[in-house]
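Read through the structure below, which is laid out as structure tokens, and then see the notes.
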Amino acid sequence: MPDFVFFINEILWGSVMVYLLLGAGCWFTYRTGFVQFRYVRQFSKSLKNSITPQPGGLTSFQALCTSLAARIGSGNLAGVALAIAAGGAGAVFWMWIAAVIGMATSFAECSLAQLYKERDSKGQFRGGPAWYMARGLGMRWMGVLFAIFLLVAYGLIFNSVQANSVSRALEFAFDVPPLASGITLALVSLLVIVRGIKGVARLMQWFVPLMALLWVGCSVIICLWHIGQIPEVILTIVKSAFGWQEAAAGGAGYTLSQAIASGFQRSMFSNEAGMGSTPNAAASASSWPPHPAAQGIVQMIGVLADTLIICTASAMIILLAGNGTAYVPMEGIQLMQRAVVSLTGEWGAGFVALIVILFSFSSIVANYIYAENNLVFLRLDNTRVIWLLRIATVSTVVAGTLLSFPLVWQLADIIMACMAITNLTAILLLSPVVHTIASDYLRQRKLGVRPEFDPRRYPDIRQQLAPGTWDEPPRD
């Protein structure tokens with residue numbers, strides 16, 4: 001079984017996913033008028049607008065923090081360590097490239113999620129890839145397929161990955177039995193997920209910034225402590241990205257394909273651009289200004305923060321602790337703990353364990369919210385099914401502490417690829433709509449007015465939308 005899973009994983013990530021992600025990102029960069037570069041100066045203003053409360057949904061900031069809660073998980077620690085171990089220091093460079101390109105993909109999918117959102121029975125906005133597949137493409141079967149993939153991934157497998165990292169970190173730092181850490185994490189997660197999407201969003205809007213600042217602050221202090229090595233580390237990243245360092249050394253080292261594949265794979269697992277997960281949070285917001293593109297721009301900030309800031313913080317610690325090209329075989333999170341210990345002292349292992357608990361806990365809670373959201377699309381959001389999902393979620397958290405580490409990551413990679421292929425197919429088919437949204441937003445910005453989406457200007461799109469969602473743009 002492990003050999004078969006490894007074989008499928010190699011096929012998907014050895015060629016298919018790298019080219020698909022790169023191609024989709026470049027296409028949406030072009031179709032949106034280089035949106036990730038054009039609006040970089042708008043990020044601070046977009047964040048300021050994102051805290052404005054609106055009726056019928058979460059604030060844009062709450063949606064951003066909920067999506068970041070899912071993004072910022074063990075992939076930012078263990079995943080980065082694994083990427084460097086598998087692809088060398090050059091994998092970090094390709095993580096950066098994947099993030100910059102992925103920002104346009106994230107803009108596309110999150111704008112579409114905002115556009116095609118609808119209200120549930122309680123008046124809360126719901127939406128995501130399943131909705132824009134059903135409404136935008138008229139392919140409900142495709143939405144059902146995606147919803148099933150997401151339920152398996154976020155309700156089950158990804159939670160196992162998070163729990164696995166927590167148990168390994170606690171065992172390494174404090175000799176805590178894996179089963180004990182799994183049961184504790186499962187119970188705490190259950191106490192939070194029963195509060196529903198609004199309760200989770202209110203918690204994550206302060207919890208996520210706090211834990212992110214804690215880890216980035218630690219990395220900055222370590223980098224300042226070893227500031228003399230920083231130029232050499234950055235040079236190693238760039239040289240290894242293209243195989244120059246290995247060629248100069250006369251050795252095979254890591255190949256260019258290894259670096260690219262590892263970088264793209266870990267970047268996507270971390271920032272989730274193109275996977276179709278983030279749109280589930282983006283759709284729940286009452287975007288301000290009232291335009292689908294506004295939420296797309298806010299969610300681009302999430303990609304930037306996740307990969308270019310948090311993952312880079314992890315990568316610098318790993319590379320400062322070693323030579324960036326060779327590490328003994330070791331599980332990802334323990335590699336990160338050894339790196340921090342070598343740079344700071346024995347307390348470092350416990351600190352990393354604390355960080356991975358915070359990261360993994362937030363991911364498990366947000367993952368469940370994504371899964372529950374898709375029960376709404378499948379029309380299975382009754383009390384009995386919701387509690388079955390909750391029990392399945394906490395059960396996989398416990399099971400994740402007992403599974404083989406490589407097998408867990410490979411299963412996660414495969415289901416992530418299935419989600420991404422389905423989602424990228426949909427948003428590429430809907431790229432004319434993405435172009436319309438981006439152009440409409442830019443047109444109003446150039447006129448110096450607050451952007452508002454008026455579907456009456458686009459009759460073909462209007463007939464696909466949920467009644468009442470965008471028909472009457474709010475006025476001051």
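Since the model is a prediction, treat every value here as computed from it, not as a measurement.
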For this session: Could you tell me whether the side chain of Asn164 and the main chain of Gly400 form a donor-acceptor pair under 3.5 Å?
Result: yes
Exercise. Is a donor on one side and an acceptor on the other found under 3.5 Å between the side chain of Asn423 and the backbone of Ala420?
Worked result: no
Problem set entry | Atom pair CG (Leu358) and CG (Leu210), whose distance is rounded to the nearest 0.5 Å | 8.0 Å
Seminar exercise, completed: Output for pair (Arg71 CZ, Thr66 OG1), nearest 0.5 Å, gives 11.0 Å
Exercise. What is the minimum heavy-atom distance between Lys117 and Ala285, and which atoms define it?
Worked result: NZ-O, 3.1 Å
Exercise. Looking at residues at least two apart in the chain, or sitting in another chain, which of them share a side chain to side chain contact (heavy atoms under 4.5 Å, CB included) with Met139?
Worked result: Leu137, Trp141, Met142
Exercise. Just by distance, do the side chain of Gln36 and the backbone of Val100 share a donor-acceptor pair under 3.5 Å?
Worked result: yes
Problem set entry | Donor + acceptor pair across side chains of Ser67, Gln299 (<3.5 Å) | yes
Problem set entry | Thr469 side-chain N/O to Ala466 backbone N/O, donor-acceptor pair under 3.5 Å | yes
Problem set entry | Any side-chain heavy-atom pair of Thr59 and Ser286 under 4.5 Å | no
Problem set entry | Steps toward side chain to side chain contact (heavy atoms under 4.5 Å, CB included) verdict (Phe125, Glu118) | CA-CA 5 Å; Phe125 282 128; Glu118 59 185 50; over 6 Å; no
Exercise. Has the side chain of Ser111 got a donor or acceptor atom that lies under 3.5 Å from a matching backbone atom of Ala108?
Worked result: no
Problem set entry | Nearest heavy atoms of Phe146 and Ala130, plus distance in Å | CD2-N, 4.2 Å
For this session: Starting at OG1 of Thr32, measure out to CE of Met300 and round the result to the nearest 0.5 Å.
Result: 7.5 Å
Problem set entry | Nearest heavy atoms of Ser240 and Gly90, plus distance in Å | CB-N, 3.3 Å
Problem set entry | Close side-chain approach of Thr278 to Cys110, heavy-atom, < 4.5 Å | yes
Exercise. Distance under 6.0 Å and angle within 45° of the ring axis: does Arg390 meet both against Trp387?
Worked result: yes
Exercise. For the atom pair CE (Met419) and CG (Leu150), what is the distance rounded to the nearest 0.5 Å?
Worked result: 4.5 Å
Problem set entry | Side chain proximity check, Asp120 to Asp381, heavy atoms < 4.5 angstrom | no
Problem set entry | Check: Ala163 main-chain N/O paired with Thr401 side-chain donor or acceptor under 3.5 Å | no
Exercise. Would Val397 and Gln162 count as a side chain to side chain contact (heavy atoms under 4.5 Å, CB included) if you check the C-alpha gap in whole Å, the side-chain angles of each, and the deciding distance to 0.1 Å?
Worked result: CA-CA 8 Å; Val397 169; Gln162 305 299 337; over 6 Å; no
Exercise. Can you check whether Gln114 reaches Trp470 side chain to side chain, under 4.5 Å on heavy atoms?
Worked result: yes
Exercise. Can you list the residues that meet the side chain to side chain contact (heavy atoms under 4.5 Å, CB included) rule with Ala169, with sequence neighbours excluded?
Worked result: Ile333, Gln337, Ala353, Val356
Exercise. Is a donor on one side and an acceptor on the other found under 3.5 Å between the side chain of Asn382 and the backbone of Val385?
Worked result: yes
Exercise. Quick check: does any side chain N or O of Asn159 sit under 3.5 Å from a backbone N or O of Thr396, one acting as donor and the other as acceptor?
Worked result: no
Exercise. Do you know the tightest heavy-atom contact between Pro455 and Leu465?
Worked result: CB-CD1, 3.9 Å
Exercise. Side chains of Met416 and Met275: does their closest heavy-atom pair fall under 4.5 Å?
Worked result: yes
Seminar exercise, completed: Nearest heavy-atom approach of Ser181 to Leu170 is CB-CD1, 3.5 Å
Exercise. After noting the C-alpha distance and the side-chain angles of Leu424 and Thr105, does the key distance pass the side chain to side chain contact (heavy atoms under 4.5 Å, CB included) rule?
Worked result: CA-CA 9 Å; Leu424 289 171; Thr105 309; 3.9 Å; yes
For this session: State the CZ-OG distance between Phe28 and Ser106, to the nearest 0.5 angstrom.
Result: 11.5 Å
For this session: Flag the pair Phe453 / Tyr441 as yes when their ring centroid distance falls below 6.0 Å, and as no otherwise.
Result: no
Problem set entry | Heavy-atom check, side chain of Leu156 versus side chain of Thr393, under 4.5 Å | no
For this session: Report yes or no: is the cationic atom of Arg202 (NZ for Lys, CZ for Arg) under 6.0 Å from the centre of the six-membered ring of Phe207, at an angle within 45° of the ring normal?
Result: no
Exercise. Got a sec, which residues hit salt bridge (Lys or Arg N to Asp or Glu O under 4.0 Å) with Arg31, two or more places apart in sequence or on another chain?
Worked result: none
Problem set entry | Heavy-atom donor-acceptor pair, Arg38 side chain to Gly33 backbone, under 3.5 Å | yes
Exercise. Do Thr307 side-chain atoms and Leu304 backbone N/O form a donor-acceptor pair below 3.5 Å?
Worked result: no
For this session: Indicate whether any N or O donor in one side chain lies under 3.5 Å from an N or O acceptor in the other, for Tyr458 and Arg462.
Result: no
For this session: I would like to know whether Val192 and Phe361 meet side chain to side chain contact (heavy atoms under 4.5 Å, CB included); could you show each step before the answer?
Result: CA-CA 10 Å; Val192 175; Phe361 165 72; 3.6 Å; yes
For this session: Decide yes or no on side-chain hydrogen bond (donor to acceptor under 3.5 Å, both in side chains) for Trp96 and Thr312, but give the supporting numbers first.
Result: CA-CA 8 Å; Trp96 294 339; Thr312 300; 2.8 Å; yes
For this session: Indicate yes or no: at least one non-hydrogen side-chain atom of Thr29 is less than 4.5 angstrom from one of Val35.
Result: no
For this session: Output the distance between atom OH (Tyr154) and atom CG (Asn373), rounded to the nearest 0.5 Å.
Result: 12.5 Å
Exercise. Looking only at heavy atoms, which two atoms of Ser189 and Ile364 are closest? And how far apart?
Worked result: OG-CG2, 3.7 Å
For this session: Check each of Ile297, Val303, Leu112 against Phe107 using the side chain to side chain contact (heavy atoms under 4.5 Å, CB included) test, and report the only one that passes.
Result: Ile297
Exercise. Between Pro178 and Arg168, is any pair of side-chain heavy atoms under 4.5 Å apart?
Worked result: yes
